[in-house]
Amino acid sequence: MKAIRKILICSFVLNFFLLKAQDLVSPNKNIKIELITAKDRTDKVYFKILCKNKETFTEVLPQSQLGIVQKKERFDNLAFVGESKIVEIHDDYQMICGKRKHCENFGNQKTFSFKNKNNQKLEIVFRAYNNGVAFQYVFPNSSEKNINISEEVTTYVIPDGTSRWIQPFEVSYEGFYPQSQTGLSEDKNNNWGFPALYKVNEAPIWVLISEAGITENHCASMLNNSGMQSEYKVTYPTGRDNFQQIGVIAKVPWSSPWHTFAIGSLSDITESNLVTDVSQPNQLKDIDWIKPGAVSWIYWAYNHGSKDYQKVVEYVDLAVEMKWPYVLIDWEWDVMANGGNLEAAAKYAKSKGIKPLIWYNSGTSWLEPTPVDRLLTAEKRKKEFEWLNKIGIHGIKVDFFAGDQQDMMKYYIDILKDAAKFHLIVNFHGATIPRGWARTYPNLMTTEAVYGAEWYNNKPILTNKAAVHNTTLPFTRNVVGSMDYTPVTFSDSQHPHITTYGHELALSVVFESGLQHFADRPSAYYNLPKEPKEFLKNFPTAWDDTKLIDGYPGEKVIIARKKNDVWYIGGLNGKDTAQTLTLDFYFLDGNAYNLELISDGKDDKSFTTKVLQIKKGQKITVDCLPGGGFAGLIKLAK
């Protein structure tokens with residue numbers, strides 16, 4: 001009897017603590033989500049993600065905790081209530097700029113319902129896409145009273161020893177993505193910014209974590225692993241001097257941003273549209289006026305703004321020569337002199353067929369560069385944008401945002417909405433990373449949020465790190481949206497660069513940006529040999545398709561981007577030693593093509609050019625100098 005009693009007791013204990021798992025599988029059966037909940041008691045909720053590797057599933061995200069906290073209610077100890085039927089998701093939409101014009105994705109969605117110890121409801125909506133996973137929290141109850149969502153319990157487990165490329169958090173997202181296997185940060189604050197890339201141990205599977213679908217009812221978040229190195233908690237930003245709020249204040253029903261996981265091969269990661277897939281569709285009725293394009297940019301060469309009218313004229317003339325549609329008039333335009341003012345500069349640009357864009361200080365954090373405080377309210381924006389329409393300005397670059405708090409998210413969106421009313425395109429600088437707004441408000445052409453070429457003006461560190469950095473960005477920052485790196489510089493600014501001319505030319509293709517600001521002085525472009533100069537003329541910045549040909553973070557990358565019937569190719573060597581890269585033309589159709597290849601010459605400041613006949617399935621090798629690269633055009637053979 002004692003033995004039987006022990007067996008019954010053990011059985012009861014096991015049953016009491018038994019965990020029940022609910023599954024959700026992607027339409028192509030390659031990705032699976034397991035939601036793990038307590039069967040008989042209120043407890044923590046976890047999930048894990050698995051991806052098919054050959055014929056078996058590999059765990060790509062180990063068991064990770066879910067939960068969210070209101071100021072007056074906790075939702076981390078939860079009783080499972082039920083689950084919905086599977087809803088089929090089909091995202092099919094057009095983008096004005098980005099990796100491709102036509103975006104399409106398929107997923108399966110299921111909603112899991114819970115209640116906390118006070119019987120308050122929480123829903124967690126999961127989507128298993130063919131190339132990733134997304135989930136969001138939902139408070140389904142209705143109320144006219146505001147709630148304060150103050151914290152997430154959400155914690156992602158990245159096992160020790162996993163190779164990862166994550167940027168230590170900066171408000172401006174201007175830093176490197178160092179490769180690490182420890183999760184330790186040099187500054188010891190253990191805050192990490194999105195996106196976060198890692199490679200699954202013992203499998204050719206990669207994961208890129210980010211978030212998307214942010215509205216005025218959200219703040220943005222970061223990751224923090226100060227508790228345990230392997231556990232990255234989704235963390236809200238702290239308050240600022242003039243905005244002390246933590247988290248979000250909003251009415252219910254309320255949905256969180258989407259937490260996103262692009263999953264698969266490196267090409268799956270690089271080519272992913274998951275961030276825009278889960279974001280709100282286009283909210284602008286009239287979009288025919290929105291035109292991406294190349295821009296001549298004055299700041300980099302002189303480490304100064306646009307107070308010299310004659311310098312602005314030089315950059316307008318550069319845009320004319322290179323057939324670029326835009327010129328950016330940077331800070332200090334409000335004190336422009338030496339032959340003309342802003343109105344005169346805009347008039348001169350218009351007379352040459354060039355559309356001027358101008359810079360603004362957002363007025364929220366760094367108040368020195370002028371003009372300041374012209375966009376902070378709807379009334380000020382209306383007055384300013386009416387004036388810009390009157391003098392012929394076509395877009396704005398807004399700089400120096402204060403952080404990722406809820407008021408800043410609202411400020412970004414208010415600028416996009418108001419700018420659209422006056423047919424102004426927008427570039428955000430000193431800003432948060434893209435989180436899907438380019439789909440929702442397609443007048444957003446690009447965002448900085450990157451340690452870009454302007455840092456050659458500020459510190460010498462980019463000189464030796466640029467090649468590794470440039471071959472990491474296509475797999476990290478540039479995946480989540482257009483990136484205003486301000487590339488393709490052949491001369492030196494304040495600090496020299498040691499990447500080759502071939503490398504610099506290739507950046508025009510490798511880095512995607514709806515507005516591609518070509519940063520060098522006019523003479524650098526005028527003095528280029530014929531082939532690279534022609535390559536940059538009339539350069540497209542919106543693409544029909546994108547393919548990763550080859551690559552590995554920090555070592556190499558080859559990207560092909562299609563515009564109409566032409567493929568543009570860019571390849572980078574991220575190493576400080578010579579490297580031979582392989583171009584595989586698997587992506588072509590059955591026609592015959594010519595490849596116009598521009599690669600490294602005999603030294604870092606010269607080019608080699610040649611034309612090759614190629615076809616689908618063919619491979620060629622390209623020799624690259626240390627920090628070298630190549631660019632090319634693939635056209636139908638005549």
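Residue numbers run from 1 in the order of the sequence given.
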Keeping to residues at least two apart or across chains, list the side chain to side chain donor-acceptor pair (under 3.5 Å) pairs with something in residues 294-307. Trp297-Asp330, Tyr299-Asn303, His304-Glu332
Looking at Arg561 and Ile559, would you say the former's side chain and the latter's main chain have a donor-acceptor pair under 3.5 Å? no
Out of curiosity, Tyr456 OH to Thr486 OG1, how far, rounded to the nearest 0.5 Å? 10.0 Å
So does Ser265 get a backbone contact from the side chain of Ser267, meaning a donor-acceptor N/O pair under 3.5 Å? no
Residue pair Ile49 / Val207, side-chain heavy-atom distance below 4.5 Å: no
With a 6.0 Å cut-off (strictly less than), is the heavy-atom count around NZ of Lys563, excluding the residue itself, greater than 12? yes
Value rounded to 0.5 Å, distance of CD1 in Ile396 from OG in Ser362: 11.0 Å
Any donor-acceptor pair under 3.5 Å from Thr608 side chain to Asp600 backbone: yes
Atom CD of Glu59 and atom SG of Cys51: how far apart are they, to the nearest 0.5 Å? 12.5 Å
What do you reckon, are the aromatic ring centroids of Tyr568 and Phe535 less than 6.0 Å apart? yes
Checking Asn594 side chain against Ala637 main chain: does a donor-acceptor pair fall under 3.5 Å? no
Interatomic spacing from CE in Met483 to CD in Glu448 - rounded to 0.5 Å: 10.5 Å
Give the ring-plane orientation class for Phe587 versus Phe585, where under 30° counts as parallel, over 60° as perpendicular and anything between as tilted. tilted
Decide if atom CG of Asn458 counts as having more than 12 heavy atoms of other residues, nucleotides or ligands within a radius under 6.0 Å. yes
Minimum-distance pair of heavy atoms, taken over all atoms of Leu625 and Gly601: CD1-O, 3.8 Å
With a 3.5 Å distance limit and no angle check, can you tell me whether Asn427 reaches the backbone of Leu515 through a side-chain donor-acceptor pair? no
Strictly under 6.0 Å, is that where the ring centroids of Tyr156 and Tyr232 end up? no
Is any side-chain heavy atom of Cys97 closer than 4.5 Å to a side-chain heavy atom of Met445? yes
Over all heavy atoms of both residues, which pair between Pro474 and Val510 is shortest? Give the atoms and the distance, please. CG-CG1, 3.6 Å
Main-chain N/O of Asn131 paired with Asp268 side-chain donor or acceptor, under 3.5 Å: no
Report the distance from atom CG of Leu444 to atom CD1 of Ile290, rounding to the nearest 0.5 Å. 10.0 Å
4.5 Å side-chain heavy-atom contact, His517 and Leu328: yes
Do Asn224 and Asn190 pair up side chain to side chain, a donor and an acceptor below 3.5 Å, judged on atom types alone? no
Under 3.5 Å side-chain donor-acceptor pair for Asn361 and Trp331: no
Where is the tightest heavy-atom contact between Pro369 and Trp359, given as atom of each residue plus distance? CB-CH2, 3.6 Å
Please confirm whether the backbone N or O of Gly175 pairs with a side-chain atom of Gln167, one donor and one acceptor, at under 3.5 Å? yes
Find out whether Phe607 and Leu505 are in side-chain contact, i.e. whether some heavy atom of one side chain is under 4.5 Å from a heavy atom of the other. yes
Please list all pairs meeting salt bridge (charged side-chain N to carboxylate O under 4.0 Å, His left out) that have one or both residues in residues 473-502, counting only residues at least two apart or in different chains. none
Mind checking ring pair (Phe, Tyr, Trp, His ring centres under 6.0 Å) for Phe176 and listing every partner two or more places apart, or none if nothing turns up? Tyr451, His469
Qualifying salt bridge (charged side-chain N to carboxylate O under 4.0 Å, His left out) pairs with a residue from residues 535-553, counting only residues at least two apart or across chains: Arg100-Asp545, Glu321-Lys537, Glu534-Lys537, Asp550-Lys556
Please report the closest heavy-atom contact between Gly514 and Ser482, naming both atoms and the distance. N-OG, 3.4 Å
Report, as yes or no, whether the 6.0 Å neighbourhood of atom NZ on Lys323 holds more than 12 heavy atoms from other residues, nucleotides or ligands. no
For the residue pair Phe490 and Asn527, establish whether any side-chain heavy-atom pair is separated by less than 4.5 Å. no
Are Asn30 and Asn130 close enough that some pair of their side-chain heavy atoms sits under 4.5 Å apart? no
Chi angles and distances behind the side chain to side chain contact (heavy atoms under 4.5 Å, CB included) call for Ile614, Leu583: CA-CA 11 Å; Ile614 59 169; Leu583 250 173; over 6 Å; no
Looking only at side chains, do Glu512 and Trp543 share a donor and an acceptor under 3.5 Å apart? no
Do Tyr129 and Asn273 pair up side chain to side chain, a donor and an acceptor below 3.5 Å, judged on atom types alone? no
Does any non-hydrogen side-chain atom of Thr432 lie less than 4.5 Å from one of Met408? no
Backbone N or O of Glu555 within a donor-acceptor pair of the Gln579 side chain at under 3.5 Å? yes
Is there a donor-acceptor pair closer than 3.5 Å between any side-chain N or O of Glu596 and the backbone N or O of Leu633? no
Does Ala449 offer a backbone N or O that forms a donor-acceptor pair with the side chain of Thr447 under 3.5 Å? no
Working note: Lys615 + Leu588, criterion side chain to side chain contact (heavy atoms under 4.5 Å, CB included); need CA distance, chi angles, decisive distance, verdict. CA-CA 7 Å; Lys615 60 183 180 180; Leu588 297 177; over 6 Å; no
Taking the ring of Trp324 and the ring of Tyr525, is the distance between their centroids below 6.0 Å? yes
Partners of Pro257 by side chain to side chain contact (heavy atoms under 4.5 Å, CB included), sequence neighbours excluded? Glu211, Ile214, His218
I want to check something: taking the side chain as every heavy atom from C-beta on, are Ile166 and Tyr198 in contact at a cut-off of under 4.5 Å? no
Among all residues two or more places apart in sequence or in another chain, which pass the ring pair (Phe, Tyr, Trp, His ring centres under 6.0 Å) test with Tyr360? Trp333
Smallest separation among heavy atoms of Pro434 and Val480, with atom names: CB-O, 3.4 Å
Positive for ring-ring contact (aromatic ring centres under 6.0 Å, His included) with Trp165, one of Phe475, Trp206, Trp192: Trp206
Indicate whether any N or O donor in one side chain lies under 3.5 Å from an N or O acceptor in the other, for Glu504 and Thr499. yes
Give the ring-plane orientation class for Phe401 versus Phe428, where under 30° counts as parallel, over 60° as perpendicular and anything between as tilted. perpendicular
Separation between CZ (Phe518) and OH (Tyr315), nearest 0.5 Å, reads 13.5 Å
Side-chain donor-acceptor pair present, Asn478, Tyr485, cut-off under 3.5 Å: no
Indicate the atoms forming the closest heavy-atom contact of Val622 with Ser599, along with that distance. CG1-CB, 4.0 Å
